[in-house]
Amino acid sequence: MFDLPSQCAVCRGWSARRLCADCVQRHAAPRPRCTGCAIGVTPGVARCGACITAPLPFEQAVAAVDYDFPWSDLVAALKFNAALDLAGALAALLADAVRAGTAPRPALVLPVPLGAQRLAERGMNQAWELARRVAAPLRLTADAGVLLRRVETPHLAGLPRDERARAIRGAFALTPGASTRLRGQRVALVDDVMTTGATAAEAARTLLASGAQSVQLWVLARTP
Ligand SMILES: [Zn+2]
Ligand SMILES: [Zn+2]
């Protein structure tokens, strides 16, 4: 197995990888992030103000990059054009961010699931494409068969925080028989983008209510 030369997805320069080292250094430099919601913080700050007043149900949150140029374009290509050639390079950024963090390794890595209709439209769940590629180099178990989405997420942006939480309540459930795999386990939930965190928080609450010991959130990109 060897890498064939290809073009960097950002600068179009020839590179053995889909993201060249220069672009990763320029656009994906690690920065201090809130351990509760992964938003960028000033150095030395562990938790942002929002997480101190109203913590999300995550043991820790990890993000590789800000949801900004060029990552917003690449996430859109992955999600809407099924550009799976990008999934490995993006997942590698997330795996690096997880390695750089301090959170204990989970027993299970789960994608935030799509509803059946959206999955049929897209032909794949971008969160799963990332989750399994993050889990592999970390030697963790990825499992797309634990959590399912019963209803599509309504558009949450623009809603106040408590209304967002209400709009998505009950959206997730465990697949039949999955609770035995989940009980007592430390879990990481993987998604492509975190905006408000309402969707991932509801998924985490479902997992915790079903016996998970703790839930981390690993996202490729966090809205700044
Ligand atoms: Zn490049
Ligand atoms: Zn925070």
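Using a distance-only test at 3.5 Å, with no hydrogens or angles considered, a donor-acceptor pair links the side chain of Arg150 to the main chain of Gly170. At distances below 3.5 Å, at least one donor-acceptor pair connects side-chain atoms of Arg181 with backbone N or O atoms of Gly145. Remark: side-chain polar atoms of Thr35 are paired, donor with acceptor, to backbone N or O of Ala46 under 3.5 angstrom. Judged by distance alone, with hydrogens and angles left aside, the side-chain atoms of Arg222 form a donor-acceptor pair with the main-chain N or O of Thr195 at under 3.5 Å.
Taking CG from Leu119 and CD from Gln126, the interatomic distance works out to 9.5 Å, rounded to the nearest 0.5 Å. Taken to the nearest 0.5 Å, the CG atom of Asn125 stands 8.0 Å off from the CG atom of Asp192. The CE atom of Met124 lies 5.5 Å from the CG atom of Leu84; values are rounded to the nearest 0.5 Å. With rounding to the nearest 0.5 angstrom, the CZ atom of Arg183 is 14.0 Å from the CD atom of Gln213. With rounding to the nearest 0.5 Å, the separation of OG1 in Thr196 from CG in Leu159 is 9.0 Å. The CD atom of Glu152 sits 10.5 Å away from the CD1 atom of Ile168 when rounded to the nearest 0.5 Å.
Closest approach of Arg122 to Phe80, counting heavy atoms only: NH2-CE2, 3.6 Å. Here the closest non-hydrogen pair linking Cys23 and Cys8 is SG-SG, 3.8 Å. Shortest non-hydrogen contact noted between Ala38 and Arg33 is O-NH1, 2.9 Å. Between Cys48 and Cys34, the shortest heavy-atom distance links the atoms N-SG, 3.2 Å. Residues Ala212 and Val215 approach most closely at CB-CG2, 4.4 Å, considering heavy atoms. The shortest heavy-atom contact between Leu19 and Ala9 is CD2-CB, 4.3 Å.
When the shell of 6.0 Å around CD of Glu121 is examined, it contains more than 12 heavy atoms from other residues, nucleotides or ligands.
When side chains are defined from C-beta on, Asp22 does not count as touching Cys11, because their heavy atoms never get closer than 4.5 Å. Residues Phe69 and His27 meet the side-chain proximity criterion, which asks for heavy atoms closer than 4.5 Å. Between Val109 and Asp143, the closest side-chain pair of non-hydrogen atoms is not below 4.5 Å. For the pair Leu74/Val10, a side-chain contact is recorded, criterion being any heavy-atom separation below 4.5 Å from C-beta on. Put simply, the side chain of Trp218 reaches to within 4.5 Å of the side chain of Pro106, judged on heavy atoms. Taking 4.5 Å as the limit, some side-chain heavy atom of Leu56 sits within range of a side-chain heavy atom of Met194. Between Pro111 and Arg132, the closest side-chain pair of non-hydrogen atoms is not below 4.5 Å. Val146 is not listed as a side-chain neighbour of Val187, based on a closest heavy-atom distance of 4.5 Å or more.
A donor atom on one side chain and an acceptor atom on the other are found under 3.5 Å apart for Glu59 and Gln216.
Linking ILVMFWY side-chain heavy atoms closer than 4.5 Å, directly or via other members, places Tyr67 and Val219 in two distinct hydrophobic clusters. In the hydrophobic clustering of ILVMFWY residues, with side-chain heavy atoms under 4.5 Å counting as a link, Leu220 and Val24 come out together. In the hydrophobic clustering of ILVMFWY residues, with side-chain heavy atoms under 4.5 Å counting as a link, Val134 and Leu110 come out apart. Under the 4.5 Å side-chain contact rule for hydrophobic residues, Leu217 and Val98 do not share a cluster. Note on Leu114: it does not cluster hydrophobically with Leu78, by side-chain heavy-atom contacts below 4.5 Å among ILVMFWY residues.
If you chain together ILVMFWY residues whose side-chain heavy atoms come under 4.5 Å of each other, Val45 ends up grouped with Ile39, Val41.
Ionic pairing of Glu202 and Arg205 is present here: one or more N-O contacts between side-chain nitrogen and carboxylate oxygen are shorter than 4.0 angstrom.
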Going through the distances and angles, do Leu174 and Leu147 end up as a side chain to side chain contact (heavy atoms under 4.5 Å, CB included)? CA-CA 5 Å; Leu174 245 55; Leu147 197 61; 4.0 Å; yes
